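Sharing a structure, written as C-alpha cells. Questions coming.
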Number of protein chains: 2
Amino acid sequence: MAAVSGRWTTLVLRELMQAEISFGALRERLPDISPKVLADRLHLLRERGLVTQERLPGFPVRTRYALTESGRLLRPLLIELYRTGEMLGERGA
Amino acid sequence: MAAVSGRWTTLVLRELMQAEISFGALRERLPDISPKVLADRLHLLRERGLVTQERLPGFPVRTRYALTESGRLLRPLLIELYRTGEMLGERGA
DNA sequence: CGGTATCCACGACGATACTG
DNA sequence: CAGTATCGTCGTGGATACCG
C-alpha cells in the first residue's frame with residue numbers, strides 16, 4: 001500500500017510504466033497536479049527504490065524519470081487495481 | 001484505491017474474507033485498532049456496499065459483519081497487494 | 001457487547017511565488 | 001526546464017471516556 005497510496009501516485013506510476021519521461025512531460029500528462037506534489041511523489045518513489053532520476057547534460061536542464069526493476073514489479077498490481085476499480089464502478093460501489 | 005485505502009482497511013477486509021465475524025471478534029483479531037477507527041472502517045465499507053451488518057436478536061446485542069458480492073470482488077486485489085508487498089519487502093523497497 | 005462522543009496531533013494536499 | 005519555499009486547510013487516525 002505504501003508504494004501506491006497517495007493521490008496521483010498510481011497515475012504517475014502508470015505514465016512511467018509506458019515510457020521514461022521528463023518532469024515537464026509528466027505535468028503535461030497530468031495537468032492538474034501541482035509541481036510540488038509531483039516532486040513529492042517522485043521523491044517518495046525514488047526513496048523507495050521504485051524510480052530513478054537521470055539528469056541530462058546541457059542547458060536548460062532536462063531530466064528523465066524511469067522505473068527501476070522493483071518499480072516494474074508493480075505492474076500487475078496496478079492492472080489489478082484498475083480492473084477492480086472498473087468492476088466496482090460498474091456496479092455503483 | 002478508495003475501497004482499500006486507509007490504515008487497517010486491508011486487514012479488516014482480510015478478516016472478512018475468511019468468515020463472517022462480530023465487532024468484538026474483529027477487535028480481538030486486530031488488537032491495536034481502536035473502536036472508533038474500526039467503526040469508521042465498517043461504516044465506510046458499508047456505505048460503499050462492500051460489507052453488510054446484521055444485528056442478532058437477544059441481549060447483549062451481537063452483530064455479524066459479512067462481505068457483499070461486491071466486497072468479494074476485492075479478493076484478487078488483496079492477494080495481489082500482499083503478493084507485491086512481499087516481493088518488494090524481500091528486496092528492501 | 002457494540003458501539004458513540006469528544007478532542008487533539010499530524011501529515012497530506014494544494015495554491016502561489018520564487019530560484020538555479 | 002525542473003524544481004524548491006512557504007503557507008494554509010482539511011482529513012485521518014488515535015486516546016479516552018461514555019452510552020444503550
Side-chain angles (χ1 to χ4, degrees), chain A residues 1-16 18-68 71 74 81, chain B residues 1-16 18-48 50-68 71 74 81 85:
Chain A
M1 285 296 302
V4 297
S5 68
R7 205 177 169 186
W8 298 107
T9 303
T10 58
L11 296 173
V12 170
L13 286 171
R14 186 171 64 174
E15 295 303 326
L16 290 169
Q18 298 180 48
E20 303 186 348
I21 187 172
S22 68
F23 191 90
L26 272 170
R27 292 199 68 189
E28 286 172 23
R29 300 273 208 139
L30 305 170
D32 289 347
I33 192 172
S34 80
K36 189 205 133 196
V37 173
L38 178 54
D40 284 353
R41 289 296 170 273
L42 291 170
H43 281 302
L44 208 78
L45 293 170
R46 286 214 282 157
E47 278 173 22
R48 301 220 165 103
L50 303 172
V51 165
T52 56
Q53 181 200 51
E54 189 182 355
R55 290 181 173 282
L56 304 181
F59 192 84
V61 181
R62 287 189 166 270
T63 56
R64 206 165 55 188
Y65 291 93
L67 290 177
T68 63
L74 293 174
L81 218 31
Chain B
M1 286 296 300
V4 296
S5 69
R7 206 176 170 189
W8 299 107
T9 304
T10 58
L11 296 174
V12 169
L13 286 171
R14 185 170 65 174
E15 296 303 325
L16 290 168
Q18 298 178 49
E20 304 186 347
I21 187 172
S22 68
F23 191 90
L26 272 170
R27 293 198 66 187
E28 286 171 26
R29 301 272 208 139
L30 306 170
D32 289 346
I33 193 173
S34 79
K36 187 203 129 194
V37 173
L38 179 54
D40 283 354
R41 290 296 170 273
L42 292 170
H43 281 303
L44 207 77
L45 293 170
R46 285 214 282 157
E47 279 173 22
R48 301 219 165 105
L50 303 171
V51 166
T52 55
Q53 181 200 51
E54 188 182 355
R55 291 181 174 280
L56 305 181
F59 192 84
V61 181
R62 288 190 165 268
T63 55
R64 206 165 57 188
Y65 290 92
L67 291 176
T68 63
L74 292 173
L81 219 31

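No experiment lies behind these values; they were computed from the predicted model shown. Quick note: numbers below take in every heavy atom, side chains included, and nothing from hydrogens, waters or symmetry partners. Order of the sequence lines sets the chain letters (A, B, ...), proteins ahead of strands, with each chain counted from 1.
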Phosphate OP1/OP2 of C:dG3 contacted by B:His43 side-chain N/O (<4.0 Å):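 So the side-chain polar atoms of B:His43 never come under 4.0 Å of the phosphate oxygens OP1 or OP2 of C:dG3.
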
Atom-to-atom span, CE of A:Met1 to P of D:dG13 - whole angstrom: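 So the CE-P distance, A:Met1 to D:dG13, works out to 10 Å.
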
Distance in angstrom units between B:Ile33 CD1 and C:dG2 C1', rounded: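 Going from CD1 in B:Ile33 over to C1' in C:dG2 covers 14 Å.
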
B:Phe23 side-chain proximity, nearest of C:dG3, C:dT4, D:dG14: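 Of all the options, the side chain of B:Phe23 is nearest to C:dG3.
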
Whether over 12 other heavy atoms sit under 6.0 Å from B:Arg62 CZ: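 At most 12 heavy atoms, drawn from other residues, nucleotides or ligands, come within 6.0 Å of this atom.
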
Gap between atoms CD and C1', on B:Glu54 and C:dG2 respectively (whole Å):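 So the CD-C1' distance, B:Glu54 to C:dG2, works out to 15 Å.
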
Integer-rounded Å distance: C:dT16 C1' and A:Arg27 CZ: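 Between C1' of C:dT16 and CZ of A:Arg27: 12 Å.
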
For atom CG of B:Leu44 and atom C1' of C:dG3, their distance in whole Å: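 These atoms are roughly 17 Å apart.
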
Donor-acceptor contact present, side-chain B:Arg7 to main-chain B:Val37, <3.5 Å: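 Looks like no, no N/O pair under 3.5 Å.
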
Whole-Å distance separating the OH atom of B:Tyr65 from the P atom of C:dC1: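 To the nearest whole Å, that distance equals 14 Å.
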
N or O in side chain of A:Arg41 less than 4.0 angstrom from C:dA12 OP1/OP2: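 For C:dA12, neither OP1 nor OP2 has a side-chain N or O of A:Arg41 closer than 4.0 Å.
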
Protein-nucleotide distance (B:Leu26, atom CG; C:dG3, atom P), rounded to Å: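 B:Leu26 atom CG is separated from C:dG3 atom P by 10 Å.
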
Given D:dA2, D:dT4, D:dA15, the nucleotide with the shortest approach to the side chain of B:Ser34: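 Selected nucleotide (nearest to the side chain): D:dA15.
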
A:Arg48 side chain near A:Leu44 side chain, heavy-atom distance below 4.5 Å: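 In contact.
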
Approximate separation, where rounding is to 0.5 Å, of A:Glu15 CD and A:Tyr65 OH: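 Rounded to the nearest 0.5 Å, the CD-OH separation comes out at 15.0 Å.
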
Among C:dG20, C:dT4, D:dG3, the nucleotide that comes nearest once only the side chain of A:Gln53 is considered: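 The closest nucleotide is D:dG3.
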
Between CG on residue B:Leu50 and CZ on residue B:Arg41, distance to nearest 0.5 Å: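 Nearest 0.5 Å value for the CG-CZ distance: 13.0 Å.
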
Given C:dC7, C:dG3, C:dC13, the nucleotide with the shortest approach to the side chain of B:Lys36: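 Among C:dC7, C:dG3, C:dC13, the one nearest the side chain of B:Lys36 is C:dC7.
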
Sugar-phosphate only, base, or nothing, as touched by A:Arg64 at under 4.0 Å among non-hydrogen atoms: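 Result for A:Arg64 = nothing.
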
For atom CZ of B:Phe59 and atom P of C:dC1, their distance in whole Å: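 For the pair B:Phe59 CZ and C:dC1 P, the rounded distance is 11 Å.
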
A:Trp8 vs B:Ala39, nearer the 5' end of DNA chain C by closest nucleotide: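 Final value for this comparison: B:Ala39.
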
Listed nucleotide nearest any side-chain atom of A:Thr63, set D:dG3, D:dG14, C:dG3: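 It is D:dG3.
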
Proximity to the side chain of A:Arg62 - top-ranked nucleotide from D:dC1, D:dA17, C:dG2: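 The closest nucleotide is D:dC1.
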
